[in-house]
Each structure stands twice: as structure tokens, then as C-alpha cells.
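Notes for the one structure printed next.
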Amino acid sequence: MDAFRDVPEFFEVEIGESLVARTETLASFRELGPPDLCHVIKSTGRVGQKDIGSYHYVSGVDASSSASLAAYLNSLTYAVEDSNAWFSKSTAWKVRSGCYCCFNAFSRVDIRVDVKIPGGVNAYVIDVRGERHEATPELWQETYLSAVLRAILYADDANYRLAGYRKLDPITSPDAEIRFLQTAEALFMKGWQLGSDPEIQVASVVSNHLTSGILKYFGDSYRYDQAVNLFEKIFAKDSEVASLLAKAYIGMNEEVKGLQVIAHALRENPQSYTLLHVQCDFLRSKGQTEWAAKLARQAVNCAPSEFATWAKLTEVYIGLGMFESALLTLNSCPMFTYNERDLHRMPAPARTHLPTKQFIADSGILEEDGGKEEVDVALLRLPAPGLRGTFAQAYALLTRLVAVIGWDELLKTRSAVFVMEEEYRAQKAQSAMDLPVEKPSANGRDAKATPKDSSVRDSAVTLASSTEALSENGSSVGRSMNGRADDNASTIGITSPTERSTGPQDGDKLGISSENIPTIKVSSESDREQEHLERSKSEDEEESSGDDNNSTGGEEDADGQEITFGATAGVALEKPTAAAAQTEDEGTDGNNNGTRSPRLEKMMQQDGFSFSNKRLCERWLDNLFMVLYEDLRIWTIFRAEVAHYKTQHVAYRKTGSEWEILGELGLRLQHKEEAKEAFLRCLDNKFSAKAWTKLLEMYAEEGDLQRSLNAAIRLTAYQHRWYQESAYPTAIAHYLFKLGQTHGHQKISYTMLSMGLPEGLLKLMEAYLDYGKMFKVEGYDY
């Protein structure tokens, strides 16, 4: 056989094409870089037999020297699968040579080690231009730390899933951990070169992938004492690290020491928003939300261009029940473009080899894929799962807000603080009525408009771009802090004539009677066109008769849409109207005949109507409202269906994939118990690693040892099936260590023994406890 045993492989069409492709994409790697690439060439040694080249991805290999990388390549020589026939006379394939590639994220170069078997070892560096250089000790040190951080941060990253990606333990002994800490200390001040999380605009000494990796590695096992020792050494040289030191002290329940560090550091650097955030989180944990609000406002003053400061202030306002201020603050968040993870762009392989370990296949835990299930198109088209970076976090804040006050109240709050489209059109139409009629000039062009012509626009622009200080009571929040940033996007919302792409704004009522069971359905393009024609014909009648018939108590808008279910009385969902946006037919009835709609007439007749006390809603937030509406619409239909089937004593059936999507939808909308039920129903239909992971998190939070172990066993088998052979850091180890703080590792071990697991699976599960014993994780000795 020409393939490895228990090691994934991609066979090349031309030998070495994967190395060429990696060299060509080196310049595109922005942050930590891709996982390591291991390329081997196999040969039979027979004349006329062509050599074959293959490769796989790997992380967790010790990259501190060329000898350690050569050792990994040498270990593959023992993994070549033997021929199944004992009497076969065919010549066995052997590894003739190999090349191990490891990206140095500090210097942006690729260190490569060529190994000839038998023969010598050659290490060299390839830069972004493809030129060779000598590998120096400094480059090896940076490469080692880059490899460890990739293994830690990519261990459970849902946005970094690769086929044929082998994950090994990056740190296997206390000595290896000491070397990791020493290297991290030596390169700590260069950590900003690695980049940072998506919500951080500019990487700094305390906000980068190096600090994130250190806190994740020690935080997941609740061993903050090691992190404290590291940060104490660095704090003596640079006081900016005080926020990390205080966070580590609080994490190990040394709150007094943590507060002393914060107090001392704030005297020296009162403008550090990271320090203010640590103190803010501590006060919130103690129930002092009002004090935390003052710190959060000060953090925004210190760093108005960072998303994290505005997001923290939004959380605090939600906790205080200041929902209008929370929505205004969320609207002021600076949003950043999400950059995808660094990935290879490899040519299509000739064939793929993804073997399964025999004991995992024999366990029967992982079900065979029975083909692609049918999934309702409405569930597949939900836009929320596609949100990334700052947009995903802003959406999480919006769902938290709607979970506290409800959809109808959220729409009222939105109308109270933002200029709505109808209001803007009414104000503009009123201004147009007051304008004197100008005759065209002799040259055929219109005469110059009077200053009054732009009064509404100027007032709106002034409103959008004005600088608003953060008051103590949080009644007004503006992004233009200390003259460092202005609300340009709000101004664009007025000056740009581009229409919003938030979907159709007109909608009629979708009634579902108790006689007909409601179903989730997404209309086709032709259906929407037909509905639009029908609505446009009856628009005037609906506007004149339906202004005061809003059953949900939301905004008075003829474009509002309600979804009512006959099976559950009183369930309704109003579609949000668009915020202010300029269109070609503003102030008219849409027929381009110059007449105003009855709605605008009514608004214009209101005495003293003005939106000078409102702000313009950012375009991205307006879109998030539509995303939230779609989630709530599908969720409301789903719960109505469940209630209807229950009253009819009929089984409610969905496919496993549909239950999985509904479970994720429930978690997004803060419906934890309903989401748990959906995940359990999903597992009744198929094996789902995503569902098991969510259930493991819930069971660990509840302290349910038996169910947690049941989920952990299945996830461990799944991960080893797909070559994630590391015990730590993983989500499974984190939740097992969390249970160990309450139950102790001995009870966990005895419970696993009582479950009668196969020997191979039991050994995999014991690897988590062996790590805890080796590194003395809390609970290892009882």
C-alpha cells in the first residue's frame, strides 16, 4: 500500500505542487498563518516505478529546531501501511524524502526542513518573494512560538476547519510548558506583530494573539497562577501589562491583589481602556452596575475608535435597563471588516486518503453518513449564521436586548431614538412646501436654490455629525469623542441617494388558521413580484384605513407586517420599517404624480413635528434589525407549529439537520431550554458534533456529570476520527476540568469505568485526566 496508516493524505498530481502553491501564497498570510504543511515523497526503489508525492496539514509539532521537525518526518516512515496479503511479493512503499513547512508569524517567513531518508537534514527560510535565507536562532525561536499559538488558538476554532488537518498536543510536559513561558516572555513585546481578534482595530502589547493564546491555554484549565508569574515579570518592565495581570489575579480568586494592581496602574495610566474594562467586569460581577457604567463611559472616552469599548458600554446599559441609551450606544459602535483566517490555496489532489482508526469504527458511536438530508429552504436562508467579527458581536447584543424587552418594545425604542423613513420624508415634504417657486434661468438651467432649500438636509447632517458628550446618566451617546472620530456613516445615510437593501418594506398579513397547520415557507421571486403588484394596487386603501389598526402596539407604519398564528392566540410579529433613507420619490405616494400619501399628510399636520432630538440609524444596524426579524419570524412559526401539534396530539417531525439549525436559532435568541430540546431531537435523527458540543456546554454549566461524560465520549471519538489527537487545549478538556472542580477527577474516572467503554475509547478519555494530573489542575487529587 502507498498510503499511511491512520494519517490523512492528499496525493499530488505532480510531485512538489503543494510546496509551490504554499510559496506563492506566503504573501497573503496576514496574522498567525496557516497550519504546518508536511510533504513526503514515497518510492518503491524499483526501476520504472514512479515516485508519488503526498501531503497533510499538522499542528502541535515541536518547531524549536530542525531536529524536532526531522523527528516527526522520520516517525512517518513507520506509518506506511503494509500489504494486506502476507504472501504478496509486491515491493513495499517507503518514505524517501520529506519537507516540513512551518510559518513564522513574527517575521512573515516560512521555515522549511528537508529530510533525506537515509541522508541528511537541511533547514532554510523562504521569504514572501520565494528567496532562500539561512535559519537563525532568533527565527527558530519565533517559529516555535508561532507554531504553539496556532495549535492553541486553532484547536476549536469553528472558522478554521480543514480536511486532513492533524492536531497534536503542543505542550506535553511541564518542561515543555516552561519553555513556552520563557519564549513568550522573550517575545512578549513583539506580540502585536501577530495581529489580534476581529473586534480589536489595532493590535497592541496587551491585545494580540499572543496574549489571547496565553489566557486561553491557562484559563481553560483554571491555572492562572502560571499566567500570573509570567505577567508579574513583564509588569516589572512595562506597566501596560497591568490589565492582564489583574485579570489573571481575579481568575485565580485573588481579587484583592487584582484590585491593588488596577489601582496602582490607573494612577500611572488613567487612559488605559483595558484596565477600565477589567474593573468594570469585576464591578458587574459584584452587582455594582451603576459604578461599572461610569467606568465603561470613561473607557469610551479613552478609546472611541475601538469596538470593544462601545460594546461594553452597551452591555452595561442593558444591565441597567437604559434601553434607549443601549440602542444609541450600539449604533455608535465602529465596525471593522472581517478578515478570513489564513488558508492554503492548494491545487486539486489526484486522490484523498482519510483513514479511520479501527477501534473508533468498531465502537459504533459515529454513524455512517446516510446521504444529504432535505432541509427547509427557509432555515438554510437565515442570514444570522453568516455574521462574523464585530457584526456577530453587535447582533448578539441586539438579541440580548430583544430577549429582555421583547420585539414590540424594541421597535418602540427604535422609533423613539432614530429618525424613521416616514418622519424624514414628511419633514422633507414640509420643507419643500415652504420653498418659493423659482423660474428657470435664461440658459435653461434652474436658478440657484435659496438657502432655505437645504434647511432640512443641513439640520439632519448637523444632527448626525454633531459631537455629543457622554453624560453621567447616559441619556445621549455620540461617537464623536474628543474630536477623534465623527459619525460619517450617519451623514452618508442622508447625503447618499442609494436605497437600502433591507428587503421589501411593504407587507400584508400572513394569517395561518388553526385548520391549516402552519409551515415554514420562503416565497420565490415570482411570488414576491406578484405580491408586490397586488399590494401596489391596494396601497392607498390600506393606508387610509389601516393607520390605526396596529394590533402589536409597535410603530404606526403601513409597511409593518404581522405574522399571526391561529393555533396560538395573541402571537404576532411586526416587521420593522426602514430607518431614514433618501429615495427618488420621497414625499410622494410612489406613483410619481407629485401627490403625497395620506400617511405623510397626517404626519405633516402634527404640531411641532421635528426629529432634532433623534439620531440617524447606521445602515449596518438597520440591516441587523432585518436579520433579527428573520430569526424571530422563523422561531415564532416554529414554536406555533410545536404548540399546534401538541394540542392535536400529533408527533412533530423534522429532519436532524433542521433540528440542528433550530437549536442554533434558539441559542441566538436566548431560548436555552428550547434550544436544548431541539439539539436532543437532532441527535435522535443523526449524529451531530455541533449538537453534542452545545449540550456538553449546557450539561457542564448544570454540573450534570453523567450526561456531560456521555457527550464528551462521543465528541472525543468524533475528533479522533478527524485526526484531532490532542487532549489539551480542547473544549472537551475545558468542560471536564470545570466538572472536576466540583466532583473531583477521581469521581470522573470511576464514572467512566462504570460506563463499560471499549479499551481504545477509555484510553482516549483518560488522556484528559492524565493531563490534569501532570499539570496539577484543580481537582486532580480528590
Side-chain angles (χ1 to χ4, degrees), residues 199-201 206-207 242-243 246-247 250-251 255-256 258-263 265-267 269-335 390 393-406 409-410 412-414 416-418 466-482 484-485 487 613-615 617-618 621 624 670:
E199 65 271 14
I200 303 298
Q201 184 181 27
V206 297
S207 300
S243 60
K247 187 181 297 184
I250 295 174
E255 296 176 348
V256 175
L259 292 178
Q260 289 174 346
V261 170
I262 293 175
L266 282 176
R267 294 190 191 99
N269 187 12
Q271 299 298 314
S272 172
Y273 79 90
T274 53
L275 273 172
L276 294 170
H277 277 186
V278 174
Q279 191 174 5
C280 177
D281 291 337
F282 176 76
L283 289 173
R284 291 173 62 198
S285 68
K286 300 301 180 181
Q288 298 294 336
T289 313
E290 293 183 359
W291 294 359
K294 297 180 180 180
L295 294 171
R297 283 193 287 268
Q298 180 61 26
V300 171
N301 281 314
C302 296
S305 61
E306 287 291 346
F307 172 85
T309 56
W310 293 93
K312 183 72 68 177
L313 183 58
T314 304
E315 291 181 21
V316 174
Y317 280 152
I318 294 174
L320 286 173
M322 302 169 62
F323 304 122
E324 290 189 3
S325 297
L327 205 54
L328 284 168
T329 308
L330 182 61
N331 186 61
S332 299
C333 288
M335 308 303 286
T390 52
Q393 295 195 28
Y395 184 71
L397 292 172
L398 196 59
T399 56
R400 183 179 171 187
L401 185 59
V402 76
V404 175
I405 65 177
E409 192 63 32
L410 179 61
K412 291 181 182 178
T413 306
R414 177 172 176 255
V417 299
F418 295 137
S466 61
T467 302
E468 295 181 339
L470 288 172
S471 60
E472 285 297 318
N473 60 5
S475 59
S476 61
V477 180
R479 186 188 300 174
S480 304
M481 309 294 298
N482 300 329
R484 297 179 60 178
D487 206 349
N613 59 339
K614 293 186 176 184
R615 290 177 62 87
C617 182
E618 296 282 1
L621 183 57
L624 286 187
Q670 316 291 325

Taking the side chain from Q279 and the backbone from I262, do they hold a donor-acceptor pair closer than 3.5 Å?
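The answer is no, because no donor-acceptor pair under 3.5 Å joins these two groups.
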Mark yes or no for whether S325, through its side chain, and M322, through its backbone, hold a donor-acceptor pair below 3.5 Å.
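Not a single qualifying donor-acceptor pair exists.
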Contacts of E290 that satisfy salt bridge (charged side-chain N to carboxylate O under 4.0 Å, His left out) - sequence neighbours left out:
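Once residues adjacent in sequence are excluded, E290 has no partner under the salt bridge (charged side-chain N to carboxylate O under 4.0 Å, His left out) criterion.
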Could you tell me which residues satisfy salt bridge (charged side-chain N to carboxylate O under 4.0 Å, His left out) with K247, sequence neighbours excluded, listed by chain and number?
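None.
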Please name all residues satisfying side-chain contact (heavy atoms from CB on, under 4.5 Å) with [X], sequence neighbours left out, ordered by chain then number.
X	answer
V402	W407, L410, L628, L632
A299	Y273, L276, H277, T309
Q393	E199, F307
A242	F235, V261, A265, L275

Going by heavy atoms in the side chains, are Y395 and R400 under 4.5 Å from each other?
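Side-chain contact under 4.5 Å: no.
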Sub-4.5 Å side-chain heavy-atom contact between I200 and E306:
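When only atoms from C-beta onward are counted, E306 and I200 do touch, with a gap below 4.5 Å.
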Enter the distance from [X]:[atom1] to [Y]:[atom2] here, rounded to the nearest 0.5 Å.
X	Y	atom1	atom2	answer
K294	T289	NZ	OG1	13.0 Å
T329	L313	OG1	CG	4.5 Å
L401	L330	CG	CG	8.0 Å
F282	Q288	CZ	CD	10.0 Å
W310	L328	CH2	CG	10.0 Å

Nearest heavy atoms of [X] and [Y], plus distance in Å:
X	Y	answer
N331	E618	OD1-N, 2.7 Å
C333	A311	SG-N, 4.0 Å
C280	K312	SG-CG, 4.2 Å
L327	R414	CD2-CA, 3.7 Å
I318	A326	CG1-CB, 3.8 Å
P304	N301	CD-O, 3.8 Å

Test side chain to side chain contact (heavy atoms under 4.5 Å, CB included) on E255 and K286 and set out the steps.
CA-CA 11 Å; E255 296 176 348; K286 300 301 180 181; 3.3 Å; yes
Check step by step if side chain to side chain contact (heavy atoms under 4.5 Å, CB included) holds for K614 and V417.
CA-CA 5 Å; K614 293 186 176 184; V417 299; over 6 Å; no
Should R297 and Y317 be marked as a side chain to side chain contact (heavy atoms under 4.5 Å, CB included) after you check the CA-CA gap, both sets of side-chain angles, and the distance that decides it?
CA-CA 10 Å; R297 283 193 287 268; Y317 280 152; 3.2 Å; yes
